[in-house]
Number of protein chains: 2
Amino acid sequence: MEKPEDPIPQRLRVLPSRLINQVAMSANRLVDQALAETGSRRYHYALLAALEEFGPASQAALGRRTGIDRSDIVATVNELAEREFVERNPDPGDRRRNIITVTPAGVQWLKELDRLLSQAQDELLTPLSSAEREQLIALLTRIADRHSASH
Amino acid sequence: MEKPEDPIPQRLRVLPSRLINQVAMSANRLVDQALAETGSRRYHYALLAALEEFGPASQAALGRRTGIDRSDIVATVNELAEREFVERNPDPGDRRRNIITVTPAGVQWLKELDRLLSQAQDELLTPLSSAEREQLIALLTRIADRHSASH
DNA sequence: CTTTTATCGTTAGTCGAGCGAACATTGGCC
DNA sequence: GGCCAATGTTCGCTCGACTAACGATAAAAG
């Protein structure tokens with residue numbers, strides 16, 4: 001009654017790069033949806049996380065730490081600044097730089113995002129046991145490391 | 001001498017959804033780059049694979065089998081038809097449909113893409129042993145299945 | 001000190017993937 | 001015959017990732 005279920009080609013079903021994309025899409029769907037209700041985007045979380053963990057930083061440094069392009073940092077900082085989660089101030093010691101600082105409200109917000117994201121991760125990984133989740137993370141980490149650091 | 005290597009926030013480093021995206025990006029880079037040299041794109045492979053495995057089909061059916069939106073199928077079929085890897089003919093039995101058929105050249109091309117993609121997969125999974133690769137695929141498959149089939 | 005080189009913030013614009021909306025044509029169903 | 005669903009197609013949107021350019025400033029080289 002609800003199974004027209006078209007078959008997926010074997011080649012595609014087992015192709016690692018495709019599997020990964022499939023899962024990435026699910027992950028993004030869950031995460032974006034969780035964040036959307038609060039008017040946030042993934043970049044917001046990344047930036048707040050970087051700021052909270054390493055303290056105030058220039059936009060360029062934030063870009064390097066989060067992997068976000070420096071041209072995209074601009075918009076993200078704008079959005080966060082509008083909601084007063086961060087402040088953008090010129091660096092007196094280097095007038096090329098802006099120093100970005102989290103506000104207390106920003107830290108609070110980060111905690112809220114932490115909560116939402118952790119729920120989303122759980123939903124994503126539902127079919128796996130905790131041991132399997134760690135396995136998966138370990139395997140993925142090794143691949144990610146190899147392809148960002150080395151090359 | 002070449003390690004400014006900015007640190008990545010802990011929160012991001014272990015966030016599964018982010019790890020997966022990271023790896024997906026590497027995968028796409030490798031795959032796209034392998035395909036680009038031949039003027040192909042991922043959709044081309046998906047379509048040819050579906051055709052070769054299940055035979056001639058309507059564009060809508062191809063969409064269902066590959067997960068490609070039917071509006072995107074149009075362009076993909078156009079591109080493949082231009083290079084004479086597929087043929088698009090009206091279905092005499094249902095005049096709403098086009099029947100897409102792989103040509104022998106298309107089958108040959110698919111084999112070439114198979115070769116290129118398999119290399120790319122290998123490059124992606126370099127840091128993993130074969131046992132680990134199977135583990136990874138198994139884990140990812142379970143997640144992907146859960147989130148596509150069951151909703 | 002001056003000239004070159006590099007970094008920073010910013011704007012604008014490209015590209016591909018994944019979609020939604022709309023529309024005309026055609027089929028199936030009652 | 002009349003209504004709803006499916007099909008092919010076009011148009012356009014959003015997002016993330018990225019490139020190119022520019023003016024300002026700083027640091028390095030001469």
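Worth knowing before you read on, the calculation uses all heavy atoms, side chains too, and leaves out hydrogens, waters and symmetry mates. Chain letters run A, B, ... following the sequence lines, proteins first, then strands; residues in each count from 1.
Scanning for side chain to side chain contact (heavy atoms under 4.5 Å, CB included) contacts around A/I68 gives A/Y43, A/A46, A/L47, A/T66, A/D72, A/I73, with sequence neighbours left out. With sequence neighbours excluded, the residues that form a salt bridge (charged side-chain N to carboxylate O under 4.0 Å, His left out) with B/E53 are A/R11. Listed by chain and residue number, nothing satisfies the salt bridge (charged side-chain N to carboxylate O under 4.0 Å, His left out) test with B/E84 (two or more places apart in sequence, or in another chain). Residues that satisfy the side chain to side chain donor-acceptor pair (under 3.5 Å) test with B/T103, not counting sequence neighbours, are absent from this structure. Contacts of B/F85 classified as ring pair (Phe, Tyr, Trp, His ring centres under 6.0 Å), with partners at least two apart in sequence or in another chain: B/W109. Residues passing the salt bridge (charged side-chain N to carboxylate O under 4.0 Å, His left out) test with B/E123: none are found, sequence neighbours excluded. Judged as a salt bridge (charged side-chain N to carboxylate O under 4.0 Å, His left out), and not counting sequence neighbours, the contacts of A/D122 are A/R133. Take A/Q108 and apply the side chain to side chain donor-acceptor pair (under 3.5 Å) test, not counting sequence neighbours, and it matches no residue.
At distances below 3.5 Å, at least one donor-acceptor pair connects side-chain atoms of A/Q121 with backbone N or O atoms of B/S17. The closest donor-acceptor contact from the side chain of A/R83 to the backbone of A/G39 lies under 3.5 Å. A side-chain donor-acceptor contact under 3.5 Å links A/R142 to the backbone of B/P127. Checking side-chain atoms of B/H147 against main-chain N and O of B/I143 turns up a donor-acceptor pair under 3.5 Å.
Using a 4.0 Å cut-off on heavy atoms, the residues of residues 57-71 of chain A that approach DNA chain C are A/S58, A/Q59, A/A60, A/R64, A/R70, A/S71, listed by number. Applying a 4.0 Å cut-off to non-hydrogen atoms, none of the residues of residues 112-119 of chain A approaches DNA chain D. DNA chain D is contacted by A/R41, A/R42, A/Y43 of residues 32-50 of chain A, taking any non-hydrogen atom closer than 4.0 Å. Looking at residues 88-98 of chain B, you'll see B/R88, B/R96, B/R97, B/N98 sit with a heavy atom under 4.0 Å from some atom of DNA chain D.
Considering only side-chain N and O atoms, A/R29 lies under 4.0 angstrom from the phosphate OP1 or OP2 of C/dC19.
Taken to the nearest 0.5 Å, the CG atom of B/N98 stands 8.0 Å off from the CG atom of B/N89.
One atom, CE of B/M25, and another, C1' of D/dG16, lie 9 Å apart when rounded to the nearest Å. Separating the CD1 atom of A/I99 from the C1' atom of C/dG9 is a distance of 14 Å, rounded to the nearest angstrom. Spacing between atom CD1 of B/I73 and atom P of D/dA6 amounts to 17 Å, rounded to whole angstrom units. Atoms CG (B/L12) and P (D/dG16) sit 14 Å apart, rounded to a whole Å.
Base contact: B/D72 has a heavy atom under 4.0 Å from a base atom.
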